[in-house]
Protein chains: 2
Amino acid sequence: MTDASPDLLFKALADPSRRALFERLCMDGEQTVGALTAGAGISQPAVSKHLGLLKQAGLVLDRHEGRQTHYRAQQRALAPLVDWTGRMNRFWEARFDDLEDLLKRMDQ
Amino acid sequence: MTDASPDLLFKALADPSRRALFERLCMDGEQTVGALTAGAGISQPAVSKHLGLLKQAGLVLDRHEGRQTHYRAQQRALAPLVDWTGRMNRFWEARFDDLEDLLKRMDQ
DNA sequence: GACACTCATAACTGTTTGGTTATGAGAAAC
DNA sequence: GTTTCTCATAACCAAACAGTTATGAGTGTC
């Protein structure tokens with residue numbers, strides 16, 4: 001699950017609890033499920049389920065150590081998102097350029 | 001509704017139909033509801049509802065002309081998304097730098 | 001005025017989803 | 001071996017949601 005579609009990414013990040021978990025992992029680095037549960041306002045199973053979805057979307061990686069599971073953010077996973085926004089911006093700029101060209105031609 | 005939280009944006013873009021509508025508006029520019037409905041695989045009321053949500057999220061603007069409504073993408077609306085991804089990347093890099101520093105110090 | 005067209009809203013429906021509690025599996029601690 | 005701890009899964013529930021059809025409001029056409 002190295003790469004994911006924008007669809008999975010948007011869906012995974014659409015939920016506030018999930019986005020908060022991902023943000024914490026980005027800010028503070030690797031953490032156990034227990035640590036993540038403390039501070040999230042929801043139960044441990046809820047946290048586990050969210051982490052499962054984030055993992056499926058390629059946004060986090062897990063590592064088992066003894067009886068705890070450590071999760072960490074996978075930064076690369078955001079690339080498709082950045083690509084998508086960039087693409088939308090480029091479309092927009094292209095149309096803007098076309099309009100500009102048109103206006104210039106009309107001006108002459 | 002000039003600006004919106006990342007939450008509204010992520011939620012609005014999480015649905016494939018909605019994202020497709022927004023992509024079409026970015027690529028092809030302003031379009032009527034009728035034009036957008038043709039090509040979307042869903043009914044006109046469904047399209048209208050999605051456009052309503054996109055508008056609420058600040059992603060599109062509408063313009064009434066006679067009996068039709070024209071929608072267009074508002075490019076600026078993606079800014080909070082770009083900011084957010086940038087912030088996450090910066091957190092990640094900061095932690096990476098810390099690790100690098102630590103390793104350097106340990107090396108001496 | 002009568003009709004046709006375009007879109008939005010209302011009312012409803014089936015599915016998805018974010019949460020819960022209960023429980024089980026695996027790994028330390030004793 | 002028994003107990004304790006950590007996490008994941010199962011079963012369930014209420015709310016949110018994406019879609020539908022029916023209808024209404026507003027605007028052009030004749």
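Numbers restart at 1 for each chain; the letters A, B, ... are given by sequence-line order, proteins then strands. As the structure is a prediction and not an experimental result, all values here were calculated from the model.
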For this session: Check every strand shown and say whether A:T37 touches a base, only sugar-phosphate, or nothing at a heavy-atom separation below 4.0 Å.
Result: nothing
Seminar exercise, completed: Footprint ends on DNA chain C, 5' to 3', for atoms under 4.0 angstrom from a heavy atom of chain A, come out as C:dG18 to C:dA28
Exercise. Tell me, do A:Q75 and B:N89 make a side-chain contact under 4.5 Å, heavy atoms counted?
Worked result: yes
Problem set entry | B:F10 side chain near B:L81 side chain, heavy-atom distance below 4.5 Å | yes
Exercise. In whole angstroms, how far is the P atom of D:dC17 from the CG atom of B:L53?
Worked result: 8 Å
Exercise. Nearest-Å distance, CZ (A:R63) to C1' (D:dC7)?
Worked result: 15 Å
Exercise. Which residue lies toward the 5' end of DNA chain D, A:Y71 or B:K49, if each is placed at its nearest nucleotide?
Worked result: A:Y71
Exercise. For A:A35, which residues count as a side-chain contact (heavy atoms from CB on, under 4.5 Å) partner, sequence neighbours excluded?
Worked result: A:Q31, A:T32
For this session: Provide, to the nearest angstrom, the distance between the NZ atom belonging to B:K11 and the C1' atom belonging to D:dA16.
Result: 10 Å
Problem set entry | Shortest non-hydrogen separation from A:A40 to A:V47 and the atoms involved | CB-CG2, 4.2 Å
Exercise. Are A:Q74 and A:L59 side-chain neighbours, meaning at least one heavy-atom pair lies under 4.5 Å?
Worked result: no
Exercise. Starting at CG of B:D7 and ending at C1' of D:dA16, how long is that distance when rounded to a whole Å?
Worked result: 14 Å
Exercise. Which part of the nucleic acid, if any, lies within contact of B:H50, taking any heavy atom under 4.0 Å across all strands shown: a base, the sugar-phosphate backbone alone, or nothing?
Worked result: sugar-phosphate
Problem set entry | Side-chain touch A:K11/B:P16, heavy atoms, less than 4.5 angstrom | yes
Exercise. Along nucleotides 24-30 of chain D, 5' to 3', which nucleotides get a B, which get an S, and which get a -, given that the test is a protein heavy-atom distance under 4.0 Å?
Worked result: --BBB--
Exercise. Is the shortest heavy-atom distance from the side chain of B:L78 to the side chain of B:F22 under 4.5 Å?
Worked result: yes
Seminar exercise, completed: Between CG of A:D62 and P of D:dT6 the distance, given in whole Å, is 18 Å
For this session: Determine: side-chain N/O of B:S43 to OP1/OP2 of D:dT21, distance under 4.0 Å, yes or no.
Result: no
Exercise. Which residue, A:Q44 or B:S17, contacts DNA chain D at a nucleotide closer to its 5' end, judged by nearest heavy atom?
Worked result: A:Q44
Problem set entry | salt_bridge(A:D15, A:R19) N-O dist < 4.0 Å | no
Problem set entry | Salt-bridge contact B:E23-A:R87 (side-chain N to carboxylate O under 4.0 Å) | no
